[in-house]
Amino acid sequence: MAILNMSEAPTQPDASPGVREFLRDLTEPQREAVTHTDGALLLLAGAGSGKTRVITRRAAHLATTVTRPWHVLAITFTNKAANEMKERIVALSPGDDMTVCTFHSLCARLLRIHHDAAGLPPNFTIVDQSDRRKLIKQAVERLELAVDNWRRAAETGISRAKNAMETPAEMADAAGFQEKTIARIYAAYEEILAENAGLDFDDLLFKMALLLQSNEEVRAKLGDRFRYVMIDEYQDTNAAQYRIANLIARDHGNIMVTGDPDQSIYSWRGADITNILSFEHDYPNVKTVRLEQNYRSTKRILSVAGAVIAENIGRKDKTLWTENDEGTPVRVLTCSDARSEAEAIVKDIESLVVQGRRPGDFAIFYRINAMSRVLEESLFSAGISYRIARGTAFYARKEIKDILGYLRVMVNPADTVALERIINTPPRGIGKTTINTLKAFAERQGCTLLTAVMRYDECGLGKRAVNSLKAFTDLLQTLQLLAGGSTRHAIDQALSLSGMLAQLGEQQEANPEPLANANELVNAAEEYDTANPEATLLDWLTFTSLLGDEDIIEGDSGTVTLMTLHAAKGLEFPCVYIIGLERGLVPLVRDVLSIDEEEEERRLFFVGMTRAMQRLTITHALWRMVRGVTQRATRSVFLDELPDDEIEWDDRCGVGSNGSRSAHGEHLREDLHLWEVGTLVRHPDHGIGQVMSMGRRAGRMQVIVRFEDGRERPWMLEFASDLERVDFDDVG
DNA sequence: GTCAGCCAAATTTTT
DNA sequence: TTTGGCTGAC
């Protein structure tokens, strides 16, 4: 491995005006990272420590004074991060020959170029999450397993396997019926993907890693092309991504990774925190730079967040500090229920707005999306405008996917998912029966569905179906002629010739959105054509299928922002509220919570807290409605980890946050005490059972009891006279 | 081919 | 409570 590890870099940091520019306004550790050139570099960058600044400066420095721009590769996780980074780099060093992109788009691009070596068709389709879902369902059906039982497990299991670079065969070696069955579904799913010439998101990484691993020529070539590799958010990389980076950098060893293990919150998507924790071990002679000065938050916020994260065992020790003000104390609000929690926040916001804050200064974070509803209602009735950072991705909208379906079929005739999507969109008399006949024909002949469609007169279909299919194949053939032209033109034609435009126009009055979206798509294509004159229809499809949500999550847009704790990563707001610090919710528990999971939840809480610049308010309620049942809630263990003397405890219920009394009245306490969770009961018909939960439903008390037969039964408390409390000793 | 009505399920979701 | 997916009836 090439090791030339210098802070006194051969580039003479202060020699040229350009270099001096790159180092302006940087602290010592930041400079060290920027001027590091050859060899491995680990940049442990705490929250709000100016990480992006360092990355962009270093990239510009490398591109202008150390090597040529096209030898630099900067990888991010999101398109948004990639775009931002690219912009900032270009501002420092003109020219856009540098590769700044996401892992997925890098892999998509490279796999297209090296499709032969990777054993892939050149025109593969990238299947998105909802297509993937359909295909996995098909795989389950093909094995004649129950979709309801296996779909979910297969979806997570297959993704997990691909992220860990496990093939179906390797997975089948695993012990256990469950795993073995998922491995079979995985194998069937791979078959179906191949039939469709499709790759899912996980495949982009997995296949790329396999290619680099098995093809020395390609690996060496890419290593030579990308002589300086930089990876952001390295704590979120999975096994495949680790492998890709490792193999590209193998010859030169010039790999810089940045990240913060304390902000690793995506292990459930395959991210492996050990990638960053063992980076120093994996890359000898690594230089490590820590950025611990925080420019975002007040001293008090940092100290509170720091106390919580310090509870995690086995983390790299790191203490954020700041020269910012002491600030106002962090507050913990105890509320009676979600409604009063929301109203307390609304009042707080209102009074701060009177003092000159703007609505855009506020953000409210919660653990699960369902918790936004009560907040929305309160904000709405208070007349405060808000937005939720969770838009459906533009490219996931039905009308958009329909249009893209036409283009996908034009480009990839094997894309059966797309074909099924458009074959009767808009309705043209090709219904379920006809499609099933075509499918059966395709299966008998071992051909694609499109081929079957083209051979409609051999399928033994009725006259009406044949006529419809004739019109449809004519349409496809007309469109086919456009595949080589501009994207904009192809979309225009697909829209009008398919009849979609007419259909959208008709329903415009009822719902103008779809037509507007379609037009928006045409505009986007036009823009793309202009910006990339060389690009093909296939390129555009690749580009769009890798775009996520619209990046609406901008810092300040004049409204209060609501989002999940996960969505908050990377953002900052002057005033932050984190709600629902209750047992089972933060940390979120399904059945049992392992230590690792608890630590990840703690990191999630930490991420939330460190978004706050000036004011941080944490809330919890004594009652919370979960799935239609109002249940008693207990404070989160994380609240106990807050440094008591630095917190302003604000108990709106006047009973202490552990109190059992509630705003709902004294009588509830009596009832609830009798029916504590875990209490054993006996019923004349159902035998012995155990109280699983209790709460209020439709204003009345309810307990849920699980009986020996494994069934759970709810009881309205006032009718629960058949339930008799028994002691443990009585039942053994 | 469409639509109402029923049942089951319910974290988080960078691509 | 809310949502999505599926089924069976027009």
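Letters A, B, ... mirror the listed sequences (proteins, then strands); counts begin at 1. Because only heavy atoms are used, hydrogens play no part in the values below, and waters and symmetry mates are left out as well, while side chains stay in.
The aromatic rings of A/F201 and A/H104 stand perpendicular to each other, their planes meeting at an angle above 60°, with 30° marking the opposite boundary.
With no hydrogens or angles considered, no side-chain donor-acceptor pair links A/T425 and A/D402 at under 3.5 Å. For the residue pair A/T52 and A/R88, no side-chain donor N or O sits within less than 3.5 Å of a side-chain acceptor on the partner. Between the side chains of A/D337 and A/S340, at least one donor-acceptor pair of N or O atoms lies under 3.5 Å.
Across the interface with DNA chain B, nearest-nucleotide mapping of A/L546 and A/P427 shows A/P427 to be the residue nearer the 5′ end. Nearest-nucleotide assignment on DNA chain B puts the 5′-proximal partner with A/G431, out of A/D202 and A/G431. When the nearest nucleotides of DNA chain C are assigned to A/E377 and A/K432 by heavy-atom distance, the more 5′-ward of the two goes with A/E377.
If you take CZ of A/R109 and P of B/dT15, they are 15 Å apart, rounded to a whole angstrom. In this structure, the CG atom of A/N436 is 14 Å from the C1' atom of B/dG1, given to the nearest Å. As a whole-Å value, the separation of A/D236 CG from B/dT14 C1' is 8 Å. Atom P of nucleotide B/dT15 and atom CZ of A/R160 are separated by 23 Å, given to the nearest angstrom. Atom CD1 in A/I435 sits about 8 Å away from atom P in B/dG1, given to the nearest Å. The CD1-P distance, from A/I430 to B/dT2, rounds to 13 Å in whole Å. Per the geometry, NZ belonging to A/K569 stands 11 Å off P belonging to B/dT14, to the nearest Å. Between A/Q507 atom CD and B/dT2 atom P there is a gap of 12 Å when expressed in whole angstrom units.
Residue A/R151 is in sugar-phosphate contact alone, with no base atom involved, counting any heavy-atom pair closer than 4.0 Å across all strands shown. If you check every strand for non-hydrogen atoms under 4.0 Å, A/R428 touches nothing.
Partner A/N275 forms a side-chain hydrogen bond (donor to acceptor under 3.5 Å, both in side chains) with one of A/T237, A/N238, A/N246, A/D236 and no other, that one being A/T237.
Remark: the backbone N or O of A/A621 is paired with a side-chain donor or acceptor of A/E582 at under 3.5 angstrom.
Among residues two or more places apart in sequence or in another chain, the side chain to side chain donor-acceptor pair (under 3.5 Å) test is passed with A/R408 by A/D131, A/D415.
Nucleotides B/dT13 and C/dG4 are separated by 15 Å at their P atoms, to the nearest Å. If you take atom P in C/dG5 and the same atom in B/dT12, they sit 16 Å apart, rounded to whole Å.
For A/K134 and A/E420, the salt-bridge test fails: no basic side-chain N is under 4.0 Å from an acidic carboxylate O. A salt bridge links A/E166 and A/R160; the closest N-O separation between the charged side-chain nitrogens and carboxylate oxygens is under 4.0 Å. A salt bridge does not link A/E601 with A/R590: none of the charged nitrogens is closer than 4.0 Å to a carboxylate oxygen.
The side chain of A/R373 lies closest to C/dT2 when the candidates are C/dT2, B/dT2, B/dT15. Distances from the side chain of A/H104 to the nucleotides B/dT15, C/dC6, C/dT1 place B/dT15 closest.
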Atom pairs under 3.5 Å, N or O on each side, protein against nucleotides 3-8 of chain B: can you list them with distances?
none

So which protein N/O to nucleotides 11-13 of chain B N/O distances come out below 3.5 Å?
from: B/dT12; atom 1: OP1; to: A/N369; atom 2: N; distance (Å): 2.9
from: B/dT12; atom 1: OP1; to: A/N369; atom 2: OD1; distance (Å): 3.2
from: B/dT12; atom 1: O4'; to: A/R367; atom 2: NH2; distance (Å): 3.1
from: B/dT12; atom 1: O2; to: A/R367; atom 2: NH2; distance (Å): 2.2
from: B/dT13; atom 1: OP1; to: A/T564; atom 2: OG1; distance (Å): 2.5
from: B/dT13; atom 1: OP2; to: A/N369; atom 2: OD1; distance (Å): 3.4

